[in-house]
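Here the structure is laid out as structure tokens; the discussion comes afterwards.
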Amino acid sequence: MTKEGVDDRMIPQISTPECIVSKDERLVKQITPKTEDFSRWYVEIIQKTELADYAPMKGMMVIRPYGYAIWEHIQRLMDQRIKAAGHVNAYFPLFIPESFLQKEAEHVEGFSPQVAWVTVGGKEELEERLAVRPTSEAIIGHMYSKWIKSWRDLPVLINQWANIVRWEKVTRPFLRTTEFLWQEGHTCHETYEEAQKETLLILAMYKEFVETELAIPVLAGRKTWREKFAGAQETYAIEGLMSDGKALQMGTSHNLGQHFSKVFDIRFEDRGQKLQYVWQTSWGVSTRLVGALIMSHGDDSGLRLPPHVAPIQVVIVPISLGNWKETVIPAALAAEEILKKAGVRVYLDTREEFTPGWKFAEHEMRGVPLRIEIGPRDVKSGQAVLVRRDTMKRETLPLDALGAKVPALLEDIQASLYQEAFTFQAQNTHEARTYDEFKDILDTKRGFVKSLWCGGEACEDKIKDETMATIRLIPLEIKDKPVHGACVCCGKEAKALVYFARAY
RNA sequence: CGGGGAGUGGCGCAGCCUGGUUAGCGCGCUUGCCUUGGGAGCAAGAGGUCGUCGGUUCAAAUCCGACCUCCCCGACCA
């Protein structure tokens, strides 16, 4: 499929209407309502809208064309940003020798429970078993040590788009699967400061990306020691609040310090002719973002896709009445052409085996941001009926105004989806000063809980044990502004203001 | 990994307890007619090794065992 075009294969392959519609009722009835059972709603949306399907192996899924098209838009928009920030793409091997993985002690300890191993090649037992990459720091570190000799070789700014395998015990489509797709950036710098600058630059880039393109507001901040990436010096992340009140980590950016350069011997001669270890970063976002889209914007009728990443931005449904093939179709084709010229991903649904009403419900479920209805009445009056998926509001528009108006309308939908999610996040972020207050909020309201924390792991663990909530982030600004007050858990002098939540 | 639930045409289910001709139903699918402004109607068709493997039995969707997969609640999880 072309960048801005809509491939025919993007249209539904299997359709299973199961309901008779009366005007005032919810149209898409084959999905369990969100409020009734969020988990069930989530998996049903994925299957019925053909985003993905379960593979026969535990924890693995097939990303189907409609779901993959969303990922391709995410890739495209993210790749542009990564390159604009000076990075280049490369590809490293899927397999990593066990000895490489074991060089960084914390790294191997953190990942070993989740690593899949290759022990046999053909019929030969391998001398050294190979890890299927759970992340690529080790293999990339090895290569960097060969490539970097001088400060003139720095910085190294490389990204790769790849698949990753982590043997998870509990899996859910898109949110946590045994194999997933992601991008991982791996950079090397002359100084700690430069690496730190890169780490925060990427964090800001992720936040801007997710908010601009996915219309999901996120918090950005630092992770606690407990939640940090195995092998990193500091981990930063963006966290979104899903519409069931649980937080989702949507991207991480690590300052690796010299942890990996020391064990992989990545050294360079600096400007003062001294041998030094490089300072590194790594960072990634994954197909989990597709899960975030579903859980942030979806409603009881199905998906609501932000126009920037929607495989189909506009669907034109011709109303088949009377001699519609002679009257309506030419008008619909003209409208399609105008929209294509305006850069809109448009699909004209001329399938005759489905009624217009059926198509309305189907495209609604699949989250198409804007529907344009053109019928005999409209052709006569030279207009079309537009229905936006986010608000379900309809308006009429002269046919010759489509080219000018629709792109702006799509931007408006994008903005309103963001605004709605932002309001939700704001309304579900609460402050708690006492532990009783804290527990009450988690029990009755969920969402983010903003509280003071003493910095002790004992409190962090106790809160997790008792409430299932974890520290999602320490906001960045608190480093500069010391806090005053008591820890929400132990009451001792607090060191930081943090966001807690139950998380995926 | 622990506790609970489930697996029968593409989807949703009945049948199982109490084994016995041809495994049913709704939706979808195919063909034809007729329709189409919010998931139309009629008619005729196609589609199943009942999750897998093994056991009991003259006989297994049904009883027994093991395994696989999914869902829920925990434990674990950069």
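What you see is a predicted model; the values in this text were computed from it and never measured. Chain letters run A, B, ... following the sequence lines, proteins first and then strands; every chain starts at 1.
To the nearest whole angstrom, the two P atoms, one in B/G15 and one in B/C53, are 25 Å apart. Atom name P, nucleotides B/C16 and B/A6: the rounded distance is 15 Å, in whole Å.
When the nucleotides B/C1, B/U36, B/C71 are ranked by their closest atom to the side chain of A/Pro173, B/C71 comes out on top. Here the nucleotide nearest the side chain of A/Pro376, chosen from B/G37, B/C70, B/C71, is B/G37. Here B/G39 is the nucleotide among B/G74, B/G39, B/C72 with the atom lying nearest to any side-chain atom of A/Trp358. Closest to the side chain of A/Pro356, from the set B/C71, B/C29, B/G37, is B/G37.
In this structure, A/Arg172 reaches the B/C72 phosphate: one of its side-chain N or O atoms is under 4.0 Å from OP1 or OP2. For A/Thr355 and B/A40, the shortest distance from a side-chain N or O to OP1 or OP2 is below 4.0 Å. Taking 4.0 angstrom as the limit, A/Tyr42 places none of its side-chain polar atoms (N or O) nearer than this to OP1 or OP2 of B/C71.
Atom CD of A/Glu36 and atom C1' of B/C72 are 14 Å apart (whole Å). Atom CZ in A/Arg502 sits roughly 18 Å away from atom C1' in B/C76 (whole-Å rounding). In this entry the distance linking CZ of A/Phe354 with P of B/U35 reads 20 Å, nearest Å. Taking atom CG of A/Leu175 as the reference point, atom C1' of B/C72 lies 16 Å away to the nearest angstrom.
For the pair A/Arg389 (side chain) and A/Leu303 (backbone), a donor-acceptor distance under 3.5 Å is present. Between the A/Thr49 side chain and the A/Ile45 main chain, a donor and an acceptor come within less than 3.5 Å of each other.
The closest side-chain donor-acceptor pair between A/Glu109 and A/His107, if any, does not fall under 3.5 angstrom. Of the N and O atoms on the side chains of A/Arg472 and A/Thr470, at least one donor lies less than 3.5 Å from an acceptor on the other residue. Donor-acceptor pairing under 3.5 Å is lacking for the side chains of A/Gln258 and A/Gln280.
Remark on RNA chain B: of its neighbouring residues A/Arg394 and A/Trp182, the 5'-side contact belongs to A/Arg394, judged by nearest-heavy-atom nucleotide.
Put simply, the side chain of A/Arg40 and the base of B/C71 share no donor and acceptor less than 3.5 Å apart.
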